[in-house]
Amino acid sequence: MKEIEGKIELNGKVYPLVFNLNVMEAIQEKYGTLEKWGNLAEGEGGEPNAKAVIFGFCEMINEGIDIQNEEQGTDTKPLTLKQVGRIITEYGLLNATKVMNNTVVESTKSNEKNA
């Protein structure tokens, strides 16, 4: 697994998205497997499950914020589920899920860490 950082840029602010083992663990704890979460978030057989989409985004953005805080010595507060829901709504669900899916796929392509 590579630690790939995607991003959403909205209203002059950049929100990092990181999919790593910490995020994977949180998703598995809540949904059982990544596959179950992915099926819900992608809306296989219907519309996307809003709770699954927002949860995944929230975990990915907050992991990115946490990493930036550690690396840059900043103290950016984590986002709430409601804040993330608003970001996704304004950015556009289709655009946001493309960024999320790409980040997950790129992170799980290889066991090599991205340099």
Side-chain angles (χ1 to χ4, degrees):
M1 175 177 282
K2 294 187 256 182
E3 193 166 275
I4 300 292
E5 184 177 308
K7 64 182 174 181
I8 290 178
E9 295 182 47
L10 184 65
N11 300 326
K13 189 156 185 168
V14 176
Y15 300 94
L17 278 86
V18 172
F19 185 82
N20 61 14
L21 286 175
N22 294 329
V23 174
M24 184 182 217
E25 185 270 335
I27 289 170
Q28 287 174 332
E29 185 174 304
K30 184 157 181 84
Y31 292 95
T33 67
L34 288 176
E35 183 178 4
K36 286 179 187 176
W37 168 76
N39 290 341
L40 288 170
E42 290 176 8
E44 286 194 10
E47 63 189 31
N49 179 294
K51 230 176 206 184
V53 171
I54 293 169
F55 181 82
F57 264 106
C58 194
E59 290 298 320
M60 293 172 75
I61 289 173
N62 285 336
E63 182 67 7
I65 289 171
D66 194 38
I67 290 168
Q68 284 182 348
N69 283 342
E70 288 175 7
E71 291 177 351
Q72 299 171 9
T74 53
D75 190 28
T76 304
K77 303 292 182 232
L79 300 179
T80 66
L81 291 168
K82 284 192 173 206
Q83 289 171 314
V84 171
R86 289 184 203 115
I87 290 166
I88 295 168
T89 299
E90 191 168 346
Y91 192 74
L93 181 59
L94 183 59
N95 292 330
T97 54
K98 283 181 185 177
V99 173
M100 180 173 67
N101 289 341
N102 186 54
T103 303
V104 172
V105 168
E106 290 300 315
S107 295
T108 55
K109 267 188 178 178
S110 170
N111 289 331
E112 297 175 21
K113 174 136 172 83
N114 191 22

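This chain uses plain numbering: 1 for the first residue, then up along the sequence.
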Excluding sequence neighbours, so at least two apart, what forms side-chain contact (heavy atoms from CB on, under 4.5 Å) with Pro78?
Asn62
In chain order, what residues pass the side-chain contact (heavy atoms from CB on, under 4.5 Å) check against Glu47, with sequence neighbours excluded?
none
Given side-chain contact (heavy atoms from CB on, under 4.5 Å), test Ile87 with Phe57 step by step and report yes or no.
CA-CA 10 Å; Ile87 290 166; Phe57 264 106; over 6 Å; no
Considering non-hydrogen atoms only, spot the tightest contact between Asn49 and Lys51 and give its length.
OD1-N, 3.0 Å
Let's go through Phe19 and Leu34 carefully: what are the C-alpha distance in whole Å and the side-chain angles of both, what is the deciding distance for side-chain contact (heavy atoms from CB on, under 4.5 Å) to 0.1 Å, and is it a yes or a no?
CA-CA 12 Å; Phe19 185 82; Leu34 288 176; 4.0 Å; yes
Heavy-atom side-chain contact between Ile67 and Asn20 under 4.5 Å:
yes
Please name all residues satisfying side chain to side chain donor-acceptor pair (under 3.5 Å) with Lys77, sequence neighbours left out, ordered by chain then number.
Asp75
Side-chain heavy-atom pair Leu93, Pro48 within 4.5 angstrom cut-off
yes
How close do Gly6 and Thr103 get, counting heavy atoms only, and between which atoms?
CA-OG1, 3.5 Å
On a heavy-atom basis, the closest approach of Leu40 and Ala52 is CB-CB, 3.8 Å
If you round to the nearest 0.5 Å, how far is CH2 of Trp37 from CD of Gln28?
11.0 Å
All heavy atoms of Glu59 vs all of Val23, minimum pair found to be O-CG2, 3.7 Å
ring-ring contact (aromatic ring centres under 6.0 Å, His included) with Phe55: which residues, sequence neighbours excluded?
Tyr31
Should Glu90 and Asn11 be marked as a side-chain contact (heavy atoms from CB on, under 4.5 Å) after you check the CA-CA gap, both sets of side-chain angles, and the distance that decides it?
CA-CA 10 Å; Glu90 191 168 346; Asn11 300 326; 2.8 Å; yes
With sequence neighbours left out, the residues meeting side-chain contact (heavy atoms from CB on, under 4.5 Å) with Thr76 are Ile65, Asn69, Thr74
Identify the two heavy atoms, one from Val53 and one from Ala41, that lie closest to each other, and give their separation to 0.1 Å.
CG2-O, 3.5 Å
Shortest non-hydrogen contact from Leu81 to Ile54?
O-CG2, 3.4 Å
Residues forming a side-chain contact (heavy atoms from CB on, under 4.5 Å) with Asn39, sequence neighbours excluded
Glu35, Glu44
If you round to the nearest 0.5 Å, how far is OG1 of Thr80 from CZ of Arg86?
6.5 Å
